[in-house]
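Sequence lines set the chain letters: A, B, ... in the order given, protein chains first and strands last, and positions in each chain run from 1. Treat the numbers as computed from the prediction; the structure is a model and nothing was measured.
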Amino acid sequence: QKEVEQNSGPLSVPEGAIASLNCTYSDRVSQSFFWYRQYSGKSPELIMSIYSNGDKEDGRFTAQLNKASQYVSLLIRDSQPSDSATYLCASRSYNTDKLIFGTGTRLQVFP
Amino acid sequence: DAGVIQSPRHEVTEMGQEVTLRCKPISGHDYLFWYRQTMMRGLELLIYFNNNVPIDDSGMPEDRFSAKMPNASFSTLKIQPSEPRDSAVYFCASSPLRDRLNTEAFFGQGTRLTVV
């Protein structure tokens with residue numbers, strides 16, 4: 001079992017819709033979680049981080065963390081074609097500070 | 001700060017040759033990570049350093065791979081001898097220690113390696 005798992009997609013949503021991206025992790029020692037966006041041919045860039053159970057909102061983005069279920073999600077409201085990219089979920093262990101990524105979910109937002 | 005700087009951006013080499021990838025982390029960052037990204041396997045952690053000391057190299061695929069961090073501002077990833085299956089994009093990332101929560105990593109632009 002991979003430490004961080006994501007559905008590879010693609011996830012296709014129409015412009016203006018809510019895109020829901022999901023991630024599960026296996027290491028219960030993981031403390032911090034990150035969502036990165038990666039455009040084709042570019043390097044990953046941070047969208048949001050979360051380490052407390054519940055929701056964290058930043059503009060059109062909401063990250064959700066459920067440590068009991070070992071589940072992290074990212075909601076993108078009012079999706080735009082410019083949101084089309086691969087979204088990478090990552091976990092960071094408090095004990096080791098190791099930063100592990102999932103394989104990413106490709107999101108396509110069509111006009 | 002200019003961010004994490006990697007060189008070269010592109011490298012094409014013949015099988016059996018030695019390849020050296022270079023990384024300059026953001027000044028003041030305590031951690032440096034080396035990743036390899038392929039379509040099949042995604043972004044794999046190869047090795048990471050804390051204050052120039054290698055902490056975990058369990059992701060290094062074979063003895064052909066080695067990494068060093070001689071000082072806080074420079075790291076290298078070496079592949080000797082290189083093989084076609086090493087073709088991938090190699091990313092270097094650095095992060096500060098801070099409060100150990102919400103401490104994201106910042107990525108360089110990557111080195112696209114092609115071994116023919």
Which pair of non-hydrogen atoms, one from [X] and one from [Y], has the smallest distance, and what is that distance?
X	Y	value
F91(B)	Q38(A)	CZ-NE2, 3.7 Å
Y36(A)	E104(B)	OH-CB, 3.6 Å
S43(A)	G108(B)	CB-O, 3.0 Å

Student check: side-chain heavy atoms of K98(A) and D56(B) closer than 4.5 Å:
yes

Crowding at [atom1], [X] (>12 non-hydrogen neighbours, <6.0 Å):
X	atom1	result
D63(B)	CG	no
K68(B)	NZ	no
E14(B)	CD	no
R60(A)	CZ	yes
R112(B)	CZ	no

Bottom line for T38(B): the part with an atom under 4.5 Å from chain A's heavy atoms is neither

Check each atom of E44(B) against the heavy atoms of chain A and say whether the ones under 4.5 Å are side chain, backbone, both or neither.
neither

For T103(B) and R92(A), does a side-chain donor sit closer than 3.5 Å to a side-chain acceptor?
yes

same_hphob_cluster([X], [Y]) at 4.5 Å side-chain heavy-atom cutoff:
X	Y	result
L65(A)	W35(A)	yes
F33(A)	L75(A)	no
V89(B)	F65(B)	no
Y90(B)	I5(B)	no

Distance, nearest 0.5 Å, that separates [atom1] of [X] from [atom2] of [Y]:
X	Y	atom1	atom2	answer
Y35(B)	I100(A)	OH	CD1	6.5 Å
D97(A)	N50(B)	CG	CG	7.0 Å
E45(A)	F106(B)	CD	CZ	11.5 Å

Quick one, L88(A) with L43(B), criterion side chain to side chain contact (heavy atoms under 4.5 Å, CB included). Give me CA distance, side-chain angles, the key distance, then yes/no.
CA-CA 9 Å; L88(A) 300 164; L43(B) 198 59; 4.3 Å; yes

When the aromatic ring centroids of F107(B) and F101(A) are compared, is their separation below 6.0 Å?
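They qualify: ring centres under 6.0 Å apart.
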
Worked check of side chain to side chain contact (heavy atoms under 4.5 Å, CB included) between F33(B) and L99(A):
CA-CA 8 Å; F33(B) 302 86; L99(A) 183 62; 3.9 Å; yes

